[in-house]
Amino acid sequence: MSRDHLPSAERSADSVEAPFLELLARGATADAYEQPVLLARAEGLPDGRVAALEQAKLLALRVRAEIEGRRRREAELSALFETAHDLAGLRDLDAVLRAIVQRARSLLGTDIAYLSLNDTTRGDTYMRVTEGSVAARFQQLRLGMGEGLGGLVAQTARPYVTDDYFKDERFQHTRTIDAGVQDEGLVAILGVPLMIGPQVIGVLFAADRRTRIFEREQIALLGSFAALAAAAIDTANALTETRSALDRLGRANEIIRDRSAVIERASDVHDRLAELVLRGGGVHDVAAAVSEVLDGTVEFTEPGGTPAMAVEAARAGGHAVRHGGDWIAAVAAGGELLGALALRGHPGLDPVDQRTLERAAMVTSLLLLARRSASEAEQRVRGELLDDLLDARDRDPGLLRERAARLHADLDGPHVVLAARLEDLAADAGQEAGARRRLWAAASHLAATRHGLAAARDGGTVLLLPLGPGDTATTLARRTADELGTAVQEAVTVGASAPLDRLAAHPEAVAAAYTEGQRCLEALRLLGRAGDGAAAEDFGFLGLLLAGDRDISGFVGRTIGAVVGYDERRGTDLLRTLDAYFASGMSPARTKDVLHVHVNTVAQRLERVGRLLGDDWQSPARVLEIQLALRLHRLSSAGQH
């Protein structure tokens, strides 16, 4: 039948497919397949014709992709078979090893390739052949078993890859190996085992002097080549097991030919995400894993960190959406937006990779909800324990210790009770409640990280924090005020109690300490020091009024303890001299008459006092505190006799 007698539908289909068949025949680029459709639209052809061209274009592109994939796999198989043919004709071991390394470098297009062999006599691994190396120290490396990335490959008989050698902590770094790698300037390294049966005889490496992510297909290809290389080494050494090695190579090639890259990526991301969830990974771990799978940069952003229209579109449709050169997937749970995953600079995303990004967003939302639930539960438990201590409801030391231990807190160590309160409360009741919730959340987080407790109380927050080595109640109060203020972006005033010990045995002390902390907080506010932190010890004699237990001995010790101790050790009369000096209006001449000593003796004693108490001991503020401490010391000493 002639073409003129063909049915119109067949002539239409033939003319629709013809331009795309021609493009396929001459191997045109993917962009060229848009031309027939664009031309049809420009000529004003009917919509049906344009739609038929669109369908033909999509079919042709699928055929083109399949052809290119087959060509790539055929090229890889051809290279492997050519290598096998070349190696089969070699008998000299050195020539075999050089050929192996050269082919490995050529197949993967890396800066350098090298091969290490195991030395069973010395029990280590040594660098045998390198291709592209420029550093002498690197070429002469010897590695102990289990050291470096190569040691990990040899130890586990599995391939390992790192995109940044010096930042990778999965394997054991040594000074010798790191120095050699640094001399060579290597960054990304892929190592696969050379195996004869179950035995690892060495490691084959491919490496770049820049960051590079080796794809799974490349790892599999180098693994197949390593299997061939191991067989060639065995042939050169003993000329045995050649046929079985080639059979293994054939089976490996069949696996490579039948493997689908898309299925592998989907399976890989599923396994990675499941592993992350099981081992308690975070949202940034999910982003890093998906970045590697999608060969791009995936970032998690908080709400507001990504264009709102794109996030809302992704949230409403339940699918990742394209925004410029990026892809955005909403991270949401119920009606709440928790953030977004953004794949940067990757506009050409196929449906499988798009679903991968969406699945990662769903896993991220589950992790965020789980973390929030766990955090809220822990905060409630910490608050309940501190509430019980403040109200002295639970007086069983063993039970208190057990409850604290579950929260990684130790009630037997020194602790400080801190009262914290916001200064700039909003006029709106809702905003004020929100600010207090933020303060409580920040205090709870601080308590969790410091192995302490926190609870909301009296319109503010109370914390029970351990006193670290070298810390004082004052330094802890100031640091807490700074950290809470930074967290809530508002001024937070903190008053601290004196240190407490063995709280499990004396829970009633917590309530008194909280009252003391509140007094210090109010004193700070009255003195115009809102947003600061302090303890009773910072207020001099005023601290006696603020302290819950009226720590007279502590005040005397801090003020004139050095003079008291000096008199007790040396049998001197510095305290009596001070009493006489102040009673004589701070006149040395009148003081010597009261003491019946020479004026030089008075001067010498006062000089000694200055060295013990500091040069500013005669300033008005210090004089007042010293006189009060002297009087309290006399009264307490009189009561002991």
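All of these numbers come straight from a predicted model, not from anything done at the bench.
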Side-chain heavy-atom pair [X], [Y] within 4.5 angstrom cut-off:
| X | Y | value |
| --- | --- | --- |
| L343 | D326 | no |
| I112 | E184 | yes |
| V187 | R209 | no |
| V417 | V462 | yes |
| V492 | L439 | yes |
| I177 | L149 | no |
| L194 | V203 | no |
| T110 | F214 | yes |

With sequence neighbours left out, what residues match [X] under side-chain contact (heavy atoms from CB on, under 4.5 Å)?
| X | answer |
| --- | --- |
| Q182 | F166 |
| E169 | none |
| E483 | L446, R450, R479 |
| A30 | L61, R64 |

When rounded to the nearest 0.5 angstrom, what distance separates [atom1] in [X] from [atom2] in [Y]?
| X | Y | atom1 | atom2 | answer |
| --- | --- | --- | --- | --- |
| L418 | Q518 | CG | CD | 12.0 Å |
| L186 | F205 | CG | CZ | 10.5 Å |
| T176 | L143 | OG1 | CG | 9.0 Å |
| S444 | L463 | OG | CG | 8.0 Å |

Using the side-chain hydrogen bond (donor to acceptor under 3.5 Å, both in side chains) criterion, which residues pair with [X]? Sequence neighbours excluded.
| X | value |
| --- | --- |
| D178 | Y165, H173 |
| D168 | T162, R170 |
| S116 | none |

Heavy atoms only: give me the nearest [X]-[Y] pair and the separation to one decimal.
| X | Y | answer |
| --- | --- | --- |
| G531 | A481 | O-CB, 4.1 Å |
| A420 | L484 | CB-CD1, 4.0 Å |
| R478 | G533 | CG-O, 3.1 Å |
| A454 | A443 | CB-O, 3.7 Å |
| P499 | A473 | CD-CB, 4.4 Å |
| P466 | L476 | O-CD2, 4.1 Å |

Kindly determine whether T493 and R421 satisfy side chain to side chain contact (heavy atoms under 4.5 Å, CB included), including the steps that lead there. CA-CA 6 Å; T493 307; R421 191 176 302 168; 5.5 Å; no

With sequence neighbours excluded, what pairs up with E147 under the salt bridge (charged side-chain N to carboxylate O under 4.0 Å, His left out) test?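 With sequence neighbours excluded, E147 shows a salt bridge (charged side-chain N to carboxylate O under 4.0 Å, His left out) to no residue whatsoever.
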
Among residues at least two apart in sequence or on other chains, which ones pass salt bridge (charged side-chain N to carboxylate O under 4.0 Å, His left out) with E215?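 Salt bridge (charged side-chain N to carboxylate O under 4.0 Å, His left out) list for E215, sorted by chain: empty.
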
Step by step, work out the side chain to side chain contact (heavy atoms under 4.5 Å, CB included) result for D163 and I213. CA-CA 6 Å; D163 58 358; I213 297 177; 4.2 Å; yes

[X] side chain to [Y] backbone, donor-acceptor under 3.5 Å:
| X | Y | answer |
| --- | --- | --- |
| D208 | D111 | yes |
| D410 | D412 | yes |
| T130 | S133 | no |

Would you please name every residue forming a ring-ring contact (aromatic ring centres under 6.0 Å, His included) with H319, sequence neighbours left out?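 Partners of H319 under the ring-ring contact (aromatic ring centres under 6.0 Å, His included) test: none.
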
Going by ring-ring contact (aromatic ring centres under 6.0 Å, His included), name the residues that satisfy it together with F138, two or more places apart in sequence or in a different chain.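 With neighbours one apart ignored, the set is Y114.
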
Over 12 non-hydrogen atoms of neighbours within 6.0 angstrom of CD in E54: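 More than 12 heavy atoms, drawn from other residues, nucleotides or ligands, come within 6.0 Å of this atom.
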
Name each donor-acceptor pair under 3.5 Å that joins a side chain in residues 152-160 to protein atoms two or more places apart or in another chain, with its distance.
unit_1, atom_1, unit_2, atom_2, d
T156, OG1, L152, O, 2.8
T156, OG1, R158, N, 3.4

Salt bridge (charged side-chain N to carboxylate O under 4.0 Å, His left out) evaluation trace for E490 with R438: CA-CA 10 Å; E490 293 185 39; R438 290 196 300 274; 3.2 Å; yes

Step-by-step side chain to side chain contact (heavy atoms under 4.5 Å, CB included) determination, I219 to L190: CA-CA 8 Å; I219 298 173; L190 165 63; 3.9 Å; yes

